[in-house]
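For reference, the structure discussed in these notes is given below.
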Amino acid sequence: MTTQYDVAVVGLGAMGSAAVAFLAARGVKVIGIDAYHPAHALSSSHGDSRLIRLGYFEDPSYVPLLQRAYQNWRALEAGLRTNVLEITGVLQIGAPDSKIVSGTRASCAMHGLAHEVLDREETARRFPVFQLDQNEIAVLDPQGGYLRPETAVMGYLKLAAEDGAVLHFGERVTSIDPDDAGVTIRSAEGTYRSRKVIVATGSWIAELVPELREHAVPIRQVVAWYQPRDGFVTQPGRMPCFLRDEGDEGSYFGFPAIGVDGVKVGRHAHFREPIDPNQPNPPVNDTDTALLDGFIGRRLPAAAGTRANATTCRYTMLPSEDFLLDLAPSSSNIVVASPCSGHGFKFTSVVGEILADLALDGGSKLPIGAFSFDAMRRYLNGRAS
Ligand SMILES: Cc1cc2nc3c(=O)[nH]c(=O)nc-3n(C[C@H](O)[C@H](O)[C@H](O)COP(=O)(O)OP(=O)(O)OC[C@H]3O[C@@H](n4cnc5c(N)ncnc54)[C@H](O)[C@@H]3O)c2cc1C
């Protein structure tokens with residue numbers, strides 16, 4: 001006999017692991033299914049660290065969600081009795097009119113967020129690892145820091161299991177068929193019935209959500225770690241996490257020397273190379289390392305010792321580079337969680353809550369209007385006209 005669930009969660013990466021934990025905590029009968037194991041190397045949720053910041057340059061409308069995300073991260077830590085979120089501050093560097101600097105200041109001003117604006121000399125005095133050009137300034141977000149992605153994913157799965165969630169790993173879902181009463185979910189190992197399903201399959205999202213086939217594009221992302229030349233100025237506490245606006249060259253991000261591999265840097269969206277999610281990640285090549293070696297040597301010379309490690313990961317981009325968190329147009333029994341265009345991890349703790357709301361209540365009190373299929377259509381129509 002097929003077991004009947006209230007909610008099934010397909011994909012147990014960042015968004016799915018949080019969703020399954022929020023659902024199990026609400027006492028519903030939930031199953032989570034993942035094709036691989038937690039925080040595996042083909043997912044978008046591995047690699048030691050993810051930035052979190054409150055003064056969001058991308059759009060001030062993200063800030064209320066971030067405030068909720070911070071609360072939920074602290075609740076996760078209390079539940080696990082371990083640290084997931086470390087506050088180091090995030091320094092956002094660029095020309096005064098650059099997108100990152102001006103956007104961060106606008107976001108902080110609109111929401112009354114604490115921040116400091118530092119000129120080149122003050123930045124050099126307080127954070128000597130960073131080299132600023134004459135015309136550049138920095139905005140310090142004192143509430144910024146980093147998250148530990150593997151601890152978060154494993155932690156949400158642990159809490160979900162403790163609250164009675166059924167979790168299957170190494171099982172690939174091959175189809176989701178909605179009907180009036182719910183959905184039928186099939187894999188090579190079994191068939192499941194559920195009232196609702198949340199699809200949170202990261203870079204594979206388009207395979208199970210046909211509405212995203214034209215729009216969700218997995219791209220290659222590369223990050224590298226460097227043994228610092230000066231181990232003093234790159235310690236967390238002396239070096240904040242950072243974002244750096246390089247104008248036409250895009251933006252870079254980085255972390256202090258958190259672990260044995262040292263200082264980590266990457267360029268947001270790297271070379272924007274589309275990849276096939278069903279193939280292994282293309283290996284790191286000389287062009288990748290030349291880009292990141294050049295950046296760290298130029299902008300953080302005290303950190304630019306031996307490159308200890310470099311790896312490939314995946315972003316999955318939507319056209320607007322926003323999120324999509326909504327019921328599927330084809331069936332209100334299907335909830336879609338996009339992989340969030342390369343900036344979603346920090347929101348995982350609030351996205352889990354939102355996905356549980358969408359599955360159980362059909363909507364959420366949290367402000368997600370900008371992340372609907374309608375909003376995506378409006379964006380595409382605006383771009384076409
Ligand atoms: C290098 C890198 C750096 C980043 N830096 C930041 C940052 O600093 N700050 C930030 O906020 N965000 C950052 N991001 C983005 C963030 O990490 C992602 O938005 C987030 O991890 C996406 O999570 P997800 O749950 O959607 O996807 P994933 O974690 O990839 O999870 C998807 C899961 O679905 C499973 N799956 C797929 N298909 C099926 C199927 N058919 N059946 C069953 N299971 C399936 C997969 O096995 C996988 O486990 C970064 C991303 C990368 C790659």
Side-chain angles (χ1 to χ4, degrees), residues 8-20 31-53 56 58 62 65-66 69 73 90 144-147 149-150 152-153 156-157 167-176 185-189 197-209 216 218-224 241-243 251-255 264-270 275 277-278 281 310-318 321 323-325 336-352 355:
V9 180
V10 181
L12 296 173
M15 309 308 163
S17 66
V20 86
I31 181 170
I33 307 173
D34 198 286
Y36 295 93
H37 56 270
H40 59 89
L42 293 178
S43 79
S44 298
S45 306
H46 65 96
D48 296 339
S49 50
R50 291 288 185 274
L51 274 171
I52 180 164
R53 55 204 153 84
Y56 220 56
E58 288 88 338
Y62 282 95
L65 288 177
L66 281 162
W73 285 122
V90 172
Y146 67 91
L147 295 154
E150 290 87 351
V153 171
Y156 273 128
L157 293 173
L167 302 177
H168 289 192
F169 293 97
E171 180 172 347
R172 185 177 195 83
V173 168
T174 50
S175 67
I176 296 173
I185 297 155
R186 291 188 180 84
S187 74
E189 287 77 13
V197 63
I198 295 171
V199 187
T201 50
S203 63
W204 294 265
I205 191 92
E207 292 181 357
L208 294 172
V209 182
I219 62 170
R220 187 166 166 274
Q221 176 64 25
V222 176
V223 290
C241 299
F242 72 92
L243 290 182
S251 64
Y252 288 78
F253 56 86
F255 301 81
K264 175 177 157 186
V265 299
R267 176 161 79 158
H268 180 64
H270 200 55
I275 54 163
N278 288 311
N281 287 337
T311 190
T312 312
C313 190
R314 299 160 172 202
Y315 279 7
T316 304
M317 311 303 273
L318 290 179
E321 304 199 3
F323 303 171
L324 197 149
L325 304 168
V336 180
S338 78
C340 299
S341 301
H343 61 117
F345 198 89
K346 62 185 80 61
F347 295 89
T348 297
S349 61
V350 67
V351 168
L355 296 174

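One-based numbering, in listed order, for ligands and for the atoms of each.
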I want to know if ligand 1 touches Val10 in the polar sense, i.e. an N/O pair below 3.5 angstrom.
no
Can you check whether Trp73 reaches Ile52 side chain to side chain, under 4.5 Å on heavy atoms?
yes
Heavy-atom closest pair, residues Ala39 and Glu150:
CB-CG, 3.9 Å
Backbone or side chain, does any N or O of Arg172 fall under 3.5 Å from an N or O of ligand 1?
no
Distance alone, cut at 3.5 Å: any donor-acceptor contact between the side chains of Tyr146 and Lys264?
no
Regarding ligand 1, does Leu12 bring an N or O atom to under 3.5 Å of one of the ligand's N or O atoms?
no
Counting heavy atoms only, which of Ile185, Thr201, Ile33 is nearest atom 38 (N) of ligand 1?
Thr201
Would you call Met15 and Pro339 a side-chain contact if the rule is heavy atoms closer than 4.5 Å?
no
Mind checking whether Cys313 has an N or O less than 3.5 Å away from an N or O of ligand 1?
no
Using the benzene-type ring in the case of Trp, are the ring centres of His343 and Tyr62 under 6.0 Å apart?
yes
Evaluating non-hydrogen atoms only, which member of Glu171, Lys264, His343, Gln221 is closest to atom 1 (C) of ligand 1?
Gln221
Does the side chain of Phe242 come within less than 4.5 Å of Val265's, by heavy atoms?
yes
Any nitrogen or oxygen of Ala14, main chain or side chain, under 3.5 Å from a nitrogen or oxygen of ligand 1?
yes
So which of Phe323, Tyr146, Tyr315 gets nearest to atom 51 (C) of ligand 1, if we judge by its closest heavy atom?
Tyr315
Ligand 1 to Trp204 polar contact by distance, N or O atoms, under 3.5 Å:
no
With a 4.0 Å cut-off on heavy atoms, is Glu207 in contact with ligand 1?
no
Is the distance between the ring centroids of Tyr315 and His268 under 6.0 Å?
yes
Between Phe253 and ligand 1, is there a nitrogen or oxygen pair with a distance under 3.5 Å?
no
Nearest non-hydrogen atom to atom 46 (C) of ligand 1 belongs to which of His40, His270, Arg314, Arg50?
His40
Nearest candidate to atom 29 (O) of ligand 1, where distance is taken over non-hydrogen atoms, out of Ala18, Ser45, Ser44:
Ser45
Distance-only N or O hit between ligand 1 and Val223, under 3.5 Å:
no
Does Gly47 have a non-hydrogen atom less than 4.0 Å from ligand 1?
no
N or O pair under 3.5 Å between Phe347 and ligand 1
no
Polar atom proximity, Phe255 to ligand 1 (N or O, under 3.5 Å)
no
Atom indices of ligand 1, in the order listed, that fall short of 4.0 Å to a heavy atom of Gly11
33 (C), 34 (O), 35 (C), 44 (N)
Please verify whether a non-hydrogen atom of Gly266 lies at under 4.0 Å from ligand 1.
no
